[in-house]
Amino acid sequence: MASLVFQQSRNILLPAFRAPFSRPLLSAFLPLPTFLGGSFKLPSLASLLEELFPRILLAVPKKKVSHSRKAMRAANKGLKDKHNLVHCPGCGSPKLAHHLCPTCYTFLHRIWKSGKKDTHTLS
Amino acid sequence: MTYILGAIFLTLDQLLTVMKHGVAFRKFSRSTSHRMLMLRNLVTSLFEHEQIKTTLPKARDTARLAEKIITLGKKGDRSAQARASAFLLKPEVLPKLFGTFASRYAERPGGYTRIHKFGNRPGDNAPVAILELVDNHKDLRWEITARAIGREILQDKLRAEKPLDLIKTGVHGTQNIIESERALEYGRNGLLRPKTRWNMQKMLRFRNQDAVSQLSRNVGNYIDHLMATPISMKNLHDRERRKTVTGEFALRAGQSAPGDPRSVLDLSQGRLGIQRPPSAGPVLTANYIFGRKPKKT
């Protein structure tokens, strides 16, 4: 019994001399009470490395993307023209279809603010 | 151990084809009490000012509630008064509701509000709308229809007469034109554009007898305003003592003067768009009236 315990403890204290590199270094089984879930396996070095540096993050661009290629990729990102422009039937200035004419509204709003009753009297 | 998420890219068209199945009402990112108070505030402000500017979804919800409160105002009995005074947040709005609005909308079966879309707000690009009570003293559709009628009558007159003669004699008979257009059936051709005629008929439907004379006065005023613009521009130009009347000043990019048949997209693109010649008939610009006429090729 005592020799078994000593052997186990030797494993834990001097893992580098006992275990080759391929084997996980910290594979110690710590006995836990059953209500805490039984045995708990500590994470191995390889799985730790996989968590911190996943393989996808080791991908890297080989060369700086050229100005030409960058510009080609941005070809579809330009501003799109508005085609829903019409003449305001009141003042003739351009306006969005189905929207109020801002020119007409500004004109009328200024008159209302000034307090005049008739909106188009020539003073 | 590691999870690679597949990126899902949606184009703008795909995002805009979202459906509304099973969604009962708008929440506005507010709790129920906050939302209800916000809408009550908006309705109270609408009744107070009769024309408010807010975001489009808020305007749509406010319009729905405001019309229901106006229905209460039309009923006028004690229970309606109690319910309206519990809803509205300013007591000074109540006599307006049961007096002014009840008489104004007595004949009208619903549809007491109107929403005009008004572009996007600069700060957050929110679509903005102007919500107004129909037939109020600042009715926007009334004003813009009057302007449209004025411009179309002027364009019609310009086909027959020279601009300077028209400015000297003036445009008369607007009331007769309005009355004859009002009597036209839907689908028949007349002087006005079909849309303008339809708007005019809608505006005059539930108003009283002197609405036609009021409209003709507005139309006449606007025609005078249009005819005075090139004259005032010429005077300004003379005051600055330039030698020749060059260019079409006082017109913005894409704006057309009365008589010009070209479309907005052609005009606003200028030299980069398709060069269409202006109409053979007269155009009401200072350049046409006072400047050198273009040579006919």
Just checking K82(A): does its NZ atom have more than 12 heavy atoms from other residues, nucleotides or ligands closer to it than 6.0 angstrom?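 Open: at most 12 neighbouring heavy atoms sit under 6.0 Å from NZ of K82(A).
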
With a sphere of 6.0 Å drawn around NZ of K63(A), does it hold more than 12 non-hydrogen atoms of other residues, nucleotides or ligands?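 Check fails, neighbour count at 12 or below.
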
For N84(A), give me all partners under side-chain hydrogen bond (donor to acceptor under 3.5 Å, both in side chains), at least two apart in sequence or on another chain.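 Listed in chain order: nothing, the list is empty.
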
side-chain hydrogen bond (donor to acceptor under 3.5 Å, both in side chains) against R276(B), all qualifying residues, sequence neighbours excluded: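 side-chain hydrogen bond (donor to acceptor under 3.5 Å, both in side chains) list for R276(B), sorted by chain: D266(B).
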
Check for a donor-acceptor pair, side chain of Y222(B) on one end and backbone N or O of G90(A) on the other, with a separation under 3.5 Å.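 Yes; at least one donor-acceptor contact below 3.5 Å.
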
Quick check for you: among [options], which has the greatest number of heavy-atom pairs under 4.5 Å with chain A?
options: T196(B), D260(B), I130(B), T145(B); value: I130(B)
options: Q214(B), K195(B), Q51(B); value: Q51(B)
options: G119(B), S263(B), P258(B), G254(B); value: G254(B)

So for L85(A), is it side chain, backbone, both, or neither that comes closer than 4.5 Å to the heavy atoms of chain B?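 Both the backbone and the side chain of L85(A) come within 4.5 Å of chain B.
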
Below 4.5 Å from any heavy atom of chain B, which atoms of K95(A) appear? Answer side chain, backbone, both or neither.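 Contact with chain B is absent: no heavy atom of K95(A) under 4.5 Å.
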
Under 4.5 Å heavy-atom distance to chain A, tell me which part of I149(B) shows up: side chain, backbone, both or neither.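 Neither the backbone nor the side chain of I149(B) comes within 4.5 Å of chain A.
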
Region of R141(B) in contact with chain A, defined by heavy-atom distances below 4.5 Å: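 No part of R141(B) comes within 4.5 Å of chain A.
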
Check ion pair E50(B)-K138(B) (N to O, under 4.0 angstrom):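 Not counted as a salt bridge, because no side-chain N and carboxylate O are separated by less than 4.0 Å.
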
